[in-house]
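What follows is a set of notes on a single structure, which appears directly below.
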Amino acid sequence: MPTKPWKVLTTAALASSLLLASACSNEKATKKEETKTEEAKAEKSNVAVPVSDYTFDTAGNMFAYAEFELSGEPLVEGLGLDLDVLDVRKLDQPAKFDYTAGVESYEYSEEGMYEVTEKSGLGLHLIHGPAVAELAKKGEKDAPTVLGERFYELADSVGYPKDELFLNMYPTLIEYTSGDPHYTQKVDTGIYAKNDDDSYVPMYQVDFKTLRWDRSKMEKTLNPSAYGATFLKQALWAGDFLGGLHKVDSDEELEVSSSKDDDDENIALGVSSADGMQGAILTEQIWNKLNYIRNGLFYDVNGKKLTAGTGSKYDPKNGFVYLPHKIEVVEDGNEEAPNAKQLTVKDARSVLQDQWLVLWPASEFYGMTDQRPENKAQNPAFLAVFDGKPFRSAPKENVDSTTDNDVTSSDPYSVNRDVLLQVFKNIDEMHFNEETGAFVNENDGAAQGDYVDTFQAGYTTEALRLFQRAIDGLPVGYASGEAAEGLGTAEGKRALEMIQKQADFVLKELKREDGLVANGYTIGKGKDESEPTLNAQLGAIRGLTAAFLATKDTKYRDAAREFYQTMDEKMLDKETNIYYTSKDKMAYNPMTAGALSAVFRIGLNNLYNTDADDRALSALDRETIISRYTVFYDTVIDGPSLEEGMQASEFWDTGDAYMEGDKSGNTDKDHVPQVQAGHGENGIAPVLVEVEVKKQ
C-alpha cells in the first residue's frame, strides 16, 4: 500500500494525521518462544488476578510507565547487560530478569505512552497548540497547513523519509484525566506487509484510525497529575531519542563533538532516524503543551480566574498563582480535532501530587533545553536541537546569570523555565510547612492543610532532587544518579534544604514501633494509627533514597534499607511472594505498581548489600530483589491468564507477532493478548488496569 504525502492528507479538521513507526521497533514482526517457563507457570498457579476496574487513569498509567521505563533497559544495562543480546523472540533470555526488564517493562512503557499521545484521542488536538498558532500567524497560513509543514521540517531535521509518515495519528496538545481504553470499532488487523517468515505487519500499525477511544466516556478535565505524568513520559523518551546524532546514509549513531555537527548534510538529530522522529514529535507536543499551561492554566487566587504564569518574576507573597486541581473542558464540537471552547475551574485546590508531577518532568525537560552559558556540561546533541532549527533558541536575556532582565518568550527553554520555577515556588510556599519540616497534601489558596501523606511527601522529595540537579546543571534523565559538581544556584540550595528536612521528618515522626512507616501525619496530632499501606513504605523508601543521593548523607540510605527490610518481612505474602498493599489485600493500581517497580530499581542500584554495610539484609541481596521483581511482573503485570493481570494487551514489540491463518489473538502463547483480542468486543489498548491478587 503506497503512502501519501502529508500535504495531500491535510484538511481543516485534520481528519488524516501522521503516523510514525515505533521508535524502538524492528520493521519485521517477531515471535516469542511458545510457552512461559515451567518456573513461571509454578509461580502463577496459586493465584487469580482479576481486573477490578477498567477505567484508564492517565496520571497513574503515565507515572507507572515512567517508572517502568527507568526500570527497563536503563536498569539492566547499568547492571552490565549488553542490550544487543535481547531478542523478543527469545523469551526469558539471556535470563528471565533481563527479558522482563529489558523487553517487557521497557516496551510496555513506550507503547502505553503512544496510546495516549498519538492514538486514543484522549485530549485536545495538537493542531490547536499555541506554538502552532504562533507559526501560523507569522506565516499568514492556516493551522493545518502549518502543522503539516512543521512535521515535514521535523522529519528533515532527523533524516526521516517524508514518504514514511503514515495515516491518522492523533497528536495530543494536552491530555484528559481519564477514559475507557476499550476500542470503539474493530481493529484493522489486515495485512499491510508480509515478512520473510509467516508473520506480517497489520494495518493498524501504519494507520491509527481504528484505535480511537470513546470520547463520550472521557473525563474531559485538565488535571496537573494527568497532563504532568504524560509530560514526564514524553520528556524521558524525548531525552533518550534526541540525546545523540546519527549518519543519514547508514543510520549509525555518532559520538557528538559539537552542537554544529548536524550542519553536515549527512548528520542528523537523534540517535537514529526513527528515534529522532519520535523524539521530535514528543518535543513538539511538549513545547505546545507548556505554552498552553503557561499562558492560561494557572489560577490567580486573588482574581479567582485562570491566568498566565510568570516564572522568574512570580512572587507568591503577592498572592498565589498556581495550577489548580481540576479544570473542566467544554469542547467545540469537532470530533476529529477538538479544541476547548470553554475552561472552568471545578476544583481550585493546590494538591501536592499535581505539583510534583509537573515539577519532575519540567526538571527533565530543563535538562534537555538548558542553554545557559555557565552550564559547561550540557549535551551538545541537545544544544543542536534547540539552536533555532527545528526548535527556537532562548533569548540571551533568559539564559544569563540574572533574572532582572528576563523577557517573556514562547521558546521551549523559556516557557518550560516559567512553569518550572512557578511550580517550585508554590511547592515551597504553599505545601512546605517550615515549622514541621514536611510537605502537606493540600492548600486551598488561603491556608495550608495539616496532613502529611507519606507517599506524596516521598515523591515530592524525589521530584525536588531532580529539580536541584536540573537547575544546577547536573545530568537528569537516565543519568540522574550520576555524581557531578553543580552550579550551586539559590533554588538548588533551597531544594536541598527541603529535601533534608523532609527526610529528617520521616526518620523522627513516621517510624512505627513495628518498624514500618506510618501512612501519614496530622500536624498537631501525630502520625496515623491506621494499618500501614504498601504505598507508605514505597514513598518513604523512595524519598529517603532521594535524600541520600542528593545530600550524600548515608543515614538516609541506612534508614531506607531498614524500611525495605521491614516491608519485606511484614508485608510480603510468603505463598505468592507478592506484597500486600494493605493488611489483608493485594489490590494494585498503576500508582502502586509504578512505585514498587521504582523501589525494586533503587534496591538494585542504591540499597543492595555491600561490603561497607554494617550488616547484610536478606531482602537486599540482589538475587532476592531480582526474584521479587520477576514474580511481580509475571503475576501482577502479565497475570496468570489472558483475562487477568494489569497489562491489558500487548503490541508486537513484546513478541506477539501476527501470523497468517492464526486467529488466536495470542501467537506467542503468553498471558497477555493482542490488542484486538483482549477484554472487550473490539479489544483494548495496551495499558494498565486495576487488579486484585487473590490466593486460590
Side-chain angles (χ1 to χ4, degrees), residues 3 5-7 18 20-27 77 83-84 131 135 138-139 146-166 234-287 364-396 399 411-414 416 473 475-479:
T3 58
W6 164 257
K7 292 180 181 178
L18 297 172
L20 299 157
S22 171
C24 285
S25 300
N26 186 313
E27 190 60 27
E77 186 175 31
L83 297 178
D84 290 339
L135 291 171
K138 182 179 179 181
V146 167
L147 188 61
E149 292 175 348
R150 182 65 181 156
F151 273 86
Y152 268 176
E153 180 185 358
L154 297 178
D156 284 341
S157 73
V158 300
Y160 192 84
K162 295 192 187 84
D163 61 359
E164 292 185 16
L165 300 177
F166 296 102
Q234 291 168 314
L236 286 171
W237 280 106
D240 182 26
F241 293 156
L242 294 175
L245 303 176
H246 70 279
K247 288 184 178 181
V248 175
D249 56 4
S250 65
D251 213 30
E252 175 189 359
E253 185 175 357
L254 298 172
E255 178 124 2
V256 185
S257 60
S258 165
S259 62
K260 300 297 182 182
D261 285 356
D262 63 321
D263 289 348
D264 185 324
E265 291 185 358
N266 193 40
I267 296 177
L269 303 176
V271 296
S272 69
S273 62
D275 285 3
M277 191 71 242
Q278 284 290 20
I281 290 176
L282 293 169
T283 303
E284 183 78 10
Q285 291 174 309
I286 291 170
W287 179 30
E364 300 282 2
F365 196 58
Y366 191 88
M368 280 184 66
T369 60
D370 191 357
Q371 297 155 49
R372 295 172 296 173
E374 61 185 324
N375 181 6
K376 305 300 183 184
Q378 179 61 303
N379 181 348
F382 290 150
L383 293 174
V385 174
F386 301 100
D387 64 358
K389 186 179 181 181
F391 293 99
R392 287 170 48 195
S393 56
K396 63 181 184 302
V399 295
D411 68 274
Y413 169 82
S414 297
N416 182 67
V476 290
Y478 292 174

(request) Work out which heavy atom in Val146 is nearest to a heavy atom in Leu135; give both atom names and the distance. (result) CG1-CB, 3.7 Å

(request) To the nearest 0.5 angstrom, please state how far the CG atom of Asp263 sits from the OG atom of Ser258. (result) 8.0 Å

(request) Give the C-alpha distance, both sets of side-chain angles, the deciding distance and a yes or no for side chain to side chain contact (heavy atoms under 4.5 Å, CB included) between Lys162 and Asp156. (result) CA-CA 8 Å; Lys162 295 192 187 84; Asp156 284 341; 2.8 Å; yes

(message) Quick test of your reading of the model: are Lys247 and Asp249 salt-bridged, counting only N-O distances below 4.0 Å?
(response) no

(request) Determine whether the aromatic ring centres of Tyr413 and Tyr366 lie less than 6.0 Å apart. (result) yes

(request) Could you tell me whether the side chain of His246 and the main chain of Leu254 form a donor-acceptor pair under 3.5 Å? (result) no

(message) To the nearest 0.5 Å, what is the distance between CZ on Phe241 and OG1 on Thr283?
(response) 10.5 Å

(message) Classify the ring geometry of Trp287 against Phe391: parallel below 30°, tilted from 30° to 60°, perpendicular beyond 60°.
(response) perpendicular

(message) I need the Trp237 CH2 to Leu282 CG distance, nearest 0.5 Å.
(response) 10.0 Å

(request) May I ask you to test the Arg150-Pro390 pair for a side-chain heavy-atom distance under 4.5 Å? (result) yes

(message) For the backbone of Gly270 and the side chain of Glu253, can you confirm whether one donor and one acceptor N or O come within less than 3.5 Å of each other?
(response) no

(request) Could you tell me which non-hydrogen atom of Arg392 sits nearest to which non-hydrogen atom of Pro412, and how far apart they are? (result) O-CD, 3.5 Å

(message) With rounding to the nearest 0.5 angstrom, report the CG to OG distance, Asp251 to Ser273.
(response) 4.0 Å

(message) Between Val385 and Met368, does the side chain to side chain contact (heavy atoms under 4.5 Å, CB included) criterion hold? Intermediate values first, please.
(response) CA-CA 9 Å; Val385 174; Met368 280 184 66; 5.6 Å; no

(request) Examine distances only and state if a side-chain atom of Gln371 and a backbone atom of Val399 form a donor-acceptor pair shorter than 3.5 Å. (result) no

(message) For Asp411 versus Ser393, what's the shortest heavy-atom pair and its separation?
(response) CB-O, 3.6 Å

(request) Work out which heavy atom in Ser259 is nearest to a heavy atom in Ala384; give both atom names and the distance. (result) O-CB, 3.4 Å

(request) Starting at CG of Asp262, measure out to CG of Leu269 and round the result to the nearest 0.5 Å. (result) 5.0 Å

(message) Just verifying a value: how many Å separate Gln278 CD and Leu242 CG, rounded to the nearest 0.5 Å?
(response) 10.5 Å

(request) Locate the shortest heavy-atom distance separating Asn266 from Asp264; write the atom from each residue and the value. (result) N-OD1, 2.8 Å

(request) For residues Ala268 and Val158, report the shortest heavy-atom separation together with the two atoms involved. (result) CB-C, 3.5 Å

